[in-house]
Structures are given as C-alpha cells and as structure tokens.
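Below is one structure, written out as structure tokens, with a few remarks after it.
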Amino acid sequence: MIYRLLALNIDGTLLQSNGRLHKSTKEAIEYVQEKGIYVTLITSRSFPSAKKVAKALRLDTQIVTHRGAFIGKNIDKPVYVNRIAEEVTYDIIRFLEGFPCQIRIVHEKFALANKYKLNHNLMAKTVFSSGDPVFYSQQFVESVSETILEEPVSPPKIEVYFENSDDLEDARTAIRGMFSEVDMLKLNDLRLEIVSAGVSKLNGLLYLGEQLGIRSNQMVVIGDGMDDLEMIEAAGLGVAMGNAPAEVKNAADWLTRTNDQHGVTYMVKEHFRKQQPIQFLRKMNLLK
C-alpha cells in the first residue's frame with residue numbers, strides 16, 4: 001500500500017513528556033513532507049495551541065483540532081466547524097455547576113473557566129498548554145453560566161475536570177439522557193470532554209481525507225491515547241506509541257517506541273524510507 005497522508009496526535013505522541021519537540025522529530029516530519037506526503041495534526045487541543053506546534057514543524061496544512069470540531073489552516077477561515085449550540089451550552093453548564101468541578105469552555109479564540117480550585121493537579125498541563133496567552137485569552141470567572149447568559153457562546157468543545165469519579169459518571173449519565181445534541185468522551189476517571197454530536201478525531205480525519213481525495217487506507221495514523229483508538233483502527237496503517245495503553249497497542253498494526261524515545265522518528269525512518277516520493281509514483285503510474 002502507498003500512503004499519502006500522515007496524521008499525528010500531539011500530546012504523548014509528537015511531544016516528549018517535558019512538552020518539547022525533539023530535533024529528530026522535526027527532521028522526520030520534514031523528511032516525510034519532502035516525499036510528498038500530506039502531514040496533519042489531529043488533536044483535542046485548541047486551534048491556537050495546535051497551530052503553534054504546526055509552525056514549529058513547518059506544517060502549512062489543514063489541521064484537525066478541538067477533537068475534530070474545528071479543521072483549518074487559518075483561524076478565521078476554517079474548512080469545517082461543528083459547534084455546540086448556545087442554548088445547549090448554557091443548559092449543560094448550568095447543570096454541571098451543581099457538581100464540584102472545573103468547567104472550561106474551549107473556543108478557538110478564547111477559553112472561559114470557573115475559578116473552582118481542584119484538590120489535584122489535573123489542570124496544570126491542560127490549561128497552560130492551550131496556547132500563547134498573548135494570542136489566546138484564558139479567563140476565569142465566578143460563574144460560567146452567568147457570564148455566557150450575558151454573552152452567549154457556541155464553542156467547539158467543553159472540558160470538565162471533576163473532583164470525584166462518581167460525579168463524573170453521574171453527570172455523564174444525566175447529560176446523555178438530557179442532550180442528544182452532544183457526544184462525550186471520558187478521558188480518565190476525572191476528566192470529561194463534551195463536543196457536538198458526531199464530532200470525533202476519526203470523523204475529522206475522514207472529512208479532511210475527503211477534501212484531499214485521500215482514502216482512509218492511504219493514511220498512517222500515530223497516536224497514544226484512547227481517543228486515538230478509532231483512528232488507529234480505521235487507518236491503512238495504525239501506529240501506537242510505546243507509551244500508549246494496552247488497548248490502543250492491541251488495536252494497532254504497528255508499535256513504535258515511546259514519545260521520550262522518539263517514537264515518531266523511529267516509525268518514520270523504519271517505514272517511509274521504503275516508500276518512493278509521491279511525485280515519482282505518479283510519474284510511474286503507480287498511484288491511483
């Protein structure tokens with residue numbers, strides 16, 4: 001099989017545990033692009049945050065952000081956006097404010113969260129990795145529902161960080177019963193993400209593939225999380241990082257090294273060096 005697209009998760013895949021991009025990873029992505037392969041990022045991060053990583057990798061391609069709800073190259077000209085409706089957002093926020101949790105509306109141009117202080121440090125890596133504060137406003141308010149009552153918002157995603165795992169399960173069950181307009185993803189026992197119904201990393205990737213004329217069996221996906229599982233299963237070549245959970249590893253076609261062992265670089269060197277450049281394959285009439 002000839003692969004035409006490489007899709008990469010960011011956290012736990014491209015980035016090392018210290019949040020940095022290794023020089024070898026940048027070189028590997030450049031190597032793949034020189035072969036004419038379309039490289040994209042598929043992430044739950046906000047668009048500004050993902051765009052920073054794309055720039056560091058010298059990617060000028062459409063990227064799939066907000067877990068598939070916002071796809072584009074430029075923030076003001078997305079090719080696809082699927083938002084949670086204003087009234088649904090308000091009703092869900094009002095409901096969630098009955099639980100001890102931090103609620104975070106993740107818009108492509110700003111983040112809005114309540115000032116609830118969690119007794120654990122789940123927020124440390126997520127809030128402050130969301131984008132450069134110079135370009136991405138992060139506001140903390142006493143009441144999110146009161147704020148959006150005055151200024152309604154239709155976000156691509158809502159993040160919720162619970163104090164107790166039982167509360168997460170209760171909230172998820174209730175929201176599922178009350179709101180058919182949204183889908184939810186449980187990332188761990190305390191973290192829940194809410195997006196518009198039908199939104200997922202996989203659907204975002206497939207939409208991008210349709211726009212580019214690239215079939216799923218012509219795609220390579222590299223990921224490490226449970227939210228990457230669907231993409232890894234659907235891709236022509238699904239690759240799990242060495243730091244991925246067992247379920248993700250078992251679903252993958254190929255297992256690479258961990259993010260701290262430069263797993264993306266290793267996979268690229270092992271596989272893509274065997275594939276001729278896309279331009280050459282077209283010239284030889286080997287690409288359909």
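Along the sequence shown, the residues carry numbers beginning at 1. What you see below is based on every heavy atom in this structure, not just the backbone, and it leaves out hydrogens, waters and symmetry mates.
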Glu169: salt bridge (charged side-chain N to carboxylate O under 4.0 Å, His left out) partners, not counting sequence neighbours = Arg172, Lys186
Name of the residue among Leu112, Leu96, Leu149 meeting side-chain contact (heavy atoms from CB on, under 4.5 Å) with Val144 = Leu112
ask   = Do any N or O atoms from the side chain of Gln218 and from the backbone of Tyr3 form a donor-acceptor pair under 3.5 angstrom?
value = no
key: From Leu192 atom CG to Met184 atom CE, the distance as rounded to the nearest 0.5 Å   = 6.0 Å
ask   = Thr258 versus Met241: any side-chain heavy-atom pair under 4.5 Å?
value = no
Asn74 side chain to Asp76 backbone, donor-acceptor under 3.5 Å = no
ask   = Given the rule in the side-chain contact (heavy atoms from CB on, under 4.5 Å) test, do Val39 and Thr61 qualify, once you have shown the distances and angles that lead to the verdict?
value = CA-CA 7 Å; Val39 181; Thr61 55; 5.5 Å; no
ask   = So, Gln102 side chain and Asn114 main chain: donor-acceptor pair closer than 3.5 Å or not?
value = yes
query = Got Leu237 and Met267 here, is their nearest side-chain heavy-atom distance under 4.5 Å?
reply = yes
message = Using 30° and 60° as the class boundaries, would you call the ring planes of Phe110 and His107 parallel, tilted or perpendicular?
response = parallel
query = Which heavy atom in Ala69 sits nearest to a heavy atom in Val199, and how many Å separate them?
reply = N-CG1, 3.6 Å
request  = Mark yes or no for whether Ser145, through its side chain, and Arg94, through its backbone, hold a donor-acceptor pair below 3.5 Å.
outcome  = no
task = List for me each residue that meets side chain to side chain contact (heavy atoms under 4.5 Å, CB included) alongside Glu193, sequence neighbours excluded, and say none if there are none.
result = Ser44, Arg67, Lys157, Glu159, Leu187, Arg191
query = Distance from Ile42 atom CD1 to Leu8 atom CG, nearest 0.5 Å?
reply = 8.5 Å
request  = Mind checking the CD-CG spacing from Gln16 to Asp11? Nearest 0.5 Å is all I need.
outcome  = 12.5 Å
remark   = Closest non-hydrogen atoms of Pro245 and Met226, given as atom of the first, atom of the second and distance, are CG-SD, 4.0 Å
task = Would you sort out whether His271 and Val239 count as a side-chain contact (heavy atoms from CB on, under 4.5 Å), showing the intermediate values?
result = CA-CA 11 Å; His271 180 80; Val239 181; over 6 Å; no
pair Val264-Ile29: side-chain heavy atoms closer than 4.5 Å = yes
key: Main-chain N/O of Tyr161 paired to Arg104 side chain as donor or acceptor, under 3.5 Å   = no
inquiry  = Do Leu168 and Asp189 make a side-chain contact, defined as non-hydrogen atoms from C-beta onward lying under 4.5 Å apart?
reply    = no
request  = List the atom of Thr65, the atom of Ser46, and the distance in Å for their closest heavy-atom pair.
outcome  = CB-C, 4.2 Å
query = Excluding sequence neighbours, so at least two apart, what forms salt bridge (charged side-chain N to carboxylate O under 4.0 Å, His left out) with Lys51?
reply = none
query = Are side-chain heavy atoms of Thr40 and Leu59 found at a separation under 4.5 Å?
reply = no
note = Output for pair (Leu229 CG, Asp224 CG), nearest 0.5 Å, gives 11.5 Å
query = Transitively linked via ILVMFWY side-chain contacts under 4.5 Å: Ile37 with Ile222?
reply = yes
ask   = OG of Ser154 to CG of Asn82: how many Å apart, nearest 0.5 Å?
value = 9.0 Å
key: Contacts of type salt bridge (charged side-chain N to carboxylate O under 4.0 Å, His left out), residue Asp91, not counting sequence neighbours   = none
remark   = CG (Leu57) and OG1 (Thr25) are apart, to the nearest 0.5 Å, by 8.0 Å
ask   = Are Ile63 and Thr43 close enough, and set up right, to give a side-chain contact (heavy atoms from CB on, under 4.5 Å), and what steps lead you there?
value = CA-CA 8 Å; Ile63 56 176; Thr43 180; over 6 Å; no
task = Kindly write out the residues that satisfy ring-ring contact (aromatic ring centres under 6.0 Å, His included) with Tyr31, not counting sequence neighbours, or none if the list is empty.
result = none
request  = Hey, could you give me each pair passing ring pair (Phe, Tyr, Trp, His ring centres under 6.0 Å) that has a residue in residues 32-66? Not counting sequence neighbours.
outcome  = Phe47-Phe70, His66-Phe70
ask   = Any link between Met178 and Val182 through a network of hydrophobic side chains (Ile, Leu, Val, Met, Phe, Trp, Tyr) touching at under 4.5 Å?
value = yes
ask   = Considering only heavy atoms from C-beta outward, does the side chain of Val153 approach that of Thr147 to under 4.5 Å?
value = no
message = Is it the case that the side chain of Asn164 and the backbone of Asp166 share a donor-acceptor pair, with hydrogens and angles ignored and the cut-off at 3.5 Å?
response = no
task = Please collect all ring pair (Phe, Tyr, Trp, His ring centres under 6.0 Å) contacts where either partner lies in residues 198-223, sequence neighbours excluded, each pair once.
result = Tyr80-Tyr207
ask   = Is Ile103 close to Ile158 at the side-chain level, that is, under 4.5 Å between some pair of heavy atoms?
value = yes
Any side-chain heavy-atom pair of Glu108 and Arg83 under 4.5 Å = yes
message = Closer than 3.5 angstrom, by distance alone: can the side chain of Lys201 be matched with the main-chain N or O of Met231 as a donor-acceptor pair?
response = no
message = Just to verify, what does His262 make a side-chain hydrogen bond (donor to acceptor under 3.5 Å, both in side chains) with, not counting sequence neighbours?
response = none
task = For Glu150, enumerate each residue passing the salt bridge (charged side-chain N to carboxylate O under 4.0 Å, His left out) test, keeping only those at least two apart in sequence or located in another chain.
result = none
query = Among Thr89, Ile84, Ile194, whose side-chain contact (heavy atoms from CB on, under 4.5 Å) with Ile105 holds?
reply = Thr89
key: Sole residue of Asn259, Asn9, Leu41 in side-chain contact (heavy atoms from CB on, under 4.5 Å) with Leu14   = Leu41
ask   = For the residue pair Asp260 and Ser17, what are the closest heavy atoms and their distance?
value = OD2-OG, 2.6 Å
Which donor-acceptor pairs under 3.5 Å do the side chains of residues 247-254 make with protein atoms, sequence neighbours left out?
from	atom 1	to	atom 2	distance (Å)
Lys249	NZ	Gly242	O	2.9
Asn250	ND2	Ala246	O	3.2
Asp253	OD2	Gly238	N	2.8

inquiry  = Listing request: all ring pair (Phe, Tyr, Trp, His ring centres under 6.0 Å) pairs with a residue in residues 165-200, at least two apart in sequence or in separate chains.
reply    = none
message = Minimum heavy-atom separation for Ser216 and Leu206, please, with both atom names.
response = CB-CD2, 4.0 Å
ask   = Under the side chain to side chain contact (heavy atoms under 4.5 Å, CB included) test, which residues partner Asn217, sequence neighbours left out?
value = Met1, Arg215
